[in-house]
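One structure is given below, encoded as structure tokens.
Remember, it's a predicted structure, so these values are computed and weren't measured experimentally. So that the names make sense, note that chain A is the first sequence line, chain B the second, and so on, each numbered from 1.
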Amino acid sequence: MSIRGAAFIAGAYEHPGRVLPDTSTAQIHVEAAVGALADAGLDLTDVDGYLCSGDAPGGPIAMADHLGLAARHLDSTDLGGSTYVAEVSHAAQAIAAGKCSVVLITMGGRPRSAGRRVPPSAGPAQPFEMPYGHSNPASYALAARRHMHEFGTTPAQLAEVKVAAAAHAQHNPNAFLQKPVTVEEVLGSPLIAAPLHRLDCCVVTDGGGALVVVSPQVAQSLERRTVKVLGAGEAAKHTDLGRIDLTYTGAVWSGPRAFTEAGVSHADIDYVSIYDSFTITVIITLEDLGFCAKGEGGRFVSDGTLQATGRLPFNTDGGSLCNNHPANRGGMTRTIEAVRQLRGEAAAAVQVPNCDLALVHGTGGWLGTRMGSATLILGQEDA
Amino acid sequence: MTSAERRFPDVDPPVEPGLEPYWEAATEGRLVLSRCAEDGAALWPPRPFCPRHASAGVRWEPAGGGAEVYSYTVVHRGEGAFAAVAPYVLAYVQLDEGPRMLTNLVTSDGRPATEASIGQRVVARFEQQGKLPVLRFTQSH
Ligand SMILES: [Zn+2]
């Protein structure tokens, strides 16, 4: 069964808050849910499917209770930051199977105010990782160092990713960081885990977001312009029994699965939302998705390729590097910006002209050990 | 804190049953690998089964301890208990027997190393840290 055309994104809402010390995480879910449903022209009482992540307060049962939902399809997926990219596909699958017709997906978190960090080494491998100080930046730095060693990628090329994100964030009044930066400023920022500097790392913000995925019949009944789900792919990439190769991600598998299902090629893609936990994440992901050859990512992102006016505009809201990274999970905000682009509702300065097709990719977990990868291809309503 | 005082913190991760042969050897300073009883493939992190031949079981065999640095990072901002240790080296080393393992590089007296290079030859050493013997690597001579 294919999900191509089986479902449409009818509502998307990014919580405007970035620092929310006095708002509960459950309340962020509520505000995001109400915002996305209002965007779609629907109410909480219309929802018959509900998805969240494993980190939602109390899980999907408690959230369904809190939101007063009469859902007949419930699920929680935990693929880290790629969760919400995968959940658009999961919602489409449930709709295609006739289980529901209006699926609400919510996320929220307060890592900035509550100081919660995901322990990087949960699971059976914990005794063999936790003693070593495997922090998030360090994990991604291990991949960056090996990429530099094998392919000659430079810190300045990594910095180009941040420069593009910051160029976009200046047009987003809600972005946590709105100031453009230069390559020199990235390289001059303090080293966190070499070769990654502070400005190679995403922001830590409170906040959240929500999506509403509906059946074709519901989409037709709504006044709002919707976005068509065309294809999706998922994968887990891990340490492979001690044979880990740090130079690639699970996008090498999730990407082709999504392209095949959507029936489109790279040249058709007008805009990409790539989860940018760190600058290196974007470079390796673009290679793995096939937008350039393995090892060419550093050169590919130079010369403004990723800027709104470049060959492959990316993360036009400023991404996780500048705009927002609620709950340390970027898949939701990456998907929301792709919806804005396809509806022609991105900030005017960064709106991609005639944006017909967009690709969203989430990387959840750690480049240095194991990750969930999810790719989603979306199109305009009549795509 | 001066570098002479820096020590990796006791983190005491939960240890579940099933890997007793590994921990017993480690307590004596010996590195053993779990290998698939069917095809001999080394399995790291150690586990009591081979995902490819789940019914075959594993055998525990000694490893020489020699390794080469596959990748590394000098961590300048450690998190939690590691904040006071930084800078320290987090690395992947590839054992001569094949497996790549996450570890730290340390000096000959067990202090956190602050530099490394890909391809550098290193050798395994266990240090009792909290409740567990922890596998780290130091420059080989
Ligand atoms: Zn086997």
Side-chain angles (χ1 to χ4, degrees), chain A residues 111 115-151 189-198 200-201 204 236 238-247 278 280 328 366-370, chain B residues 8-16 18-19 22-23 33 36 41-47 50-52 70-83 85-92 94-95 97-104 112 115-119 127 129-130 132 134-136:
Chain A
R116 178 179 171 273
R117 287 198 183 264
V118 183
S121 299
Q126 201 168 30
F128 304 95
E129 295 170 2
M130 192 174 147
Y132 305 122
H134 175 242
S135 65
N136 290 339
S139 187
Y140 286 74
L142 289 169
R145 175 70 68 193
R146 187 69 199 182
H147 202 274
M148 290 166 63
H149 176 78
E150 289 198 26
F151 307 118
S189 65
L191 281 167
I192 302 298
L196 299 180
H197 302 80
R198 179 180 296 283
D200 287 296
C201 305
V204 177
H238 48 66
T239 59
D240 196 16
L241 310 180
R243 286 149 193 84
I244 192 168
D245 181 336
L246 292 172
T247 62
F278 298 88
I280 185 63
N328 295 326
W366 302 274
L367 292 198
T369 53
R370 57 195 67 81
Chain B
F8 285 107
D10 299 344
V11 293
D12 288 330
V15 174
E16 298 195 87
L19 302 178
Y22 176 86
W23 295 115
L33 297 174
C36 173
L43 310 162
W44 188 266
R47 65 198 80 192
C50 169
R52 299 189 185 101
Y70 168 70
S71 194
Y72 71 96
T73 173
V74 180
V75 182
H76 293 268
R77 301 292 172 95
E79 291 178 0
F82 289 86
V85 189
Y88 63 92
V89 174
L90 178 74
Y92 264 103
Q94 179 160 4
L95 272 194
E97 287 81 2
R100 288 175 182 163
M101 43 183 64
L102 197 67
T103 190
N104 299 123
E115 55 184 23
S117 59
I118 290 178
E127 320 174 311
Q129 193 176 342
L132 284 183
V134 174
L135 176 62
R136 293 196 166 91

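- Between chain B and the residues A:Ile244, A:Leu241, A:Asp240, the most heavy-atom pairs under 4.5 angstrom are made by A:Leu241.
- Neither the backbone nor the side chain of B:Leu95 comes within less than 4.5 Å of any heavy atom in chain A.
- Closest approach of A:Arg243 to B:Arg100, counting heavy atoms only: O-NH1, 4.4 Å.
- Within the 4.5 Å cutoff, the side chain of B:Pro14 has heavy atoms near those of the A:Gln126 side chain.
- Residues A:Glu129 and B:Pro13 have side chains not in contact (no heavy-atom distance under 4.5 Å, counting atoms from C-beta outward).
- When each of B:Asp12, B:Val74, B:Leu43 is scored by its heavy-atom pairs under 4.5 Å with chain A, the top score falls to B:Val74.
- Interface check for chain A: of the options B:Leu132, B:Thr103, B:Leu19, B:Val15, the most heavy-atom pairs under 4.5 Å are formed by B:Thr103.
- Residues satisfying the salt bridge (charged side-chain N to carboxylate O under 4.0 Å, His left out) criterion with A:Arg145, sequence neighbours excluded, are absent altogether.
- Among the candidates B:Gly119, B:Pro46, B:Gly130, B:Pro87, the residue making the largest number of heavy-atom pairs closer than 4.5 Å to chain A is B:Pro46.
- A heavy-atom distance below 4.5 Å is found between the side chains of A:Tyr132 and B:Val134.
- Residue with the most contacts toward chain B among A:Ser139, A:Pro195, A:Gly368: A:Gly368 (heavy-atom pairs, distance under 4.5 Å).
- Applying the ring-ring contact (aromatic ring centres under 6.0 Å, His included) criterion to B:Tyr88, with sequence neighbours excluded, gives B:Phe8, B:Phe82.
- Ring pair B:Trp23/A:Phe128 is parallel by interplanar angle, where below 30° counts as parallel and above 60° as perpendicular.
- Ranking B:Gln94, B:Arg52, B:Arg136, B:Met101 against chain A, the residue ahead of the rest is B:Arg136, based on heavy-atom pairs under 4.5 Å.
- In plain terms, the two heavy atoms of A:Leu191 and B:His76 that are nearest each other are O-CB, 3.2 Å.
- There is no contact between B:Ala81 and chain A, counting heavy-atom distances below 4.5 Å.
- Between B:Leu102 and A:Thr239, every side-chain heavy-atom pair lies at or beyond the 4.5 Å cut-off.
- What you find for B:Tyr70 and A:Arg146 is that their closest heavy atoms are O-NH1, 2.8 Å.
- Using a distance-only test at 3.5 Å, with no hydrogens or angles considered, a donor-acceptor pair links the side chain of B:Ser71 to the main chain of A:Leu142.
- Contact detail for B:Thr73 and A:Ala138: the closest heavy-atom pair is CG2-O, 3.6 Å.
- Here the closest non-hydrogen pair linking A:Met130 and B:Val11 is CE-O, 3.5 Å.
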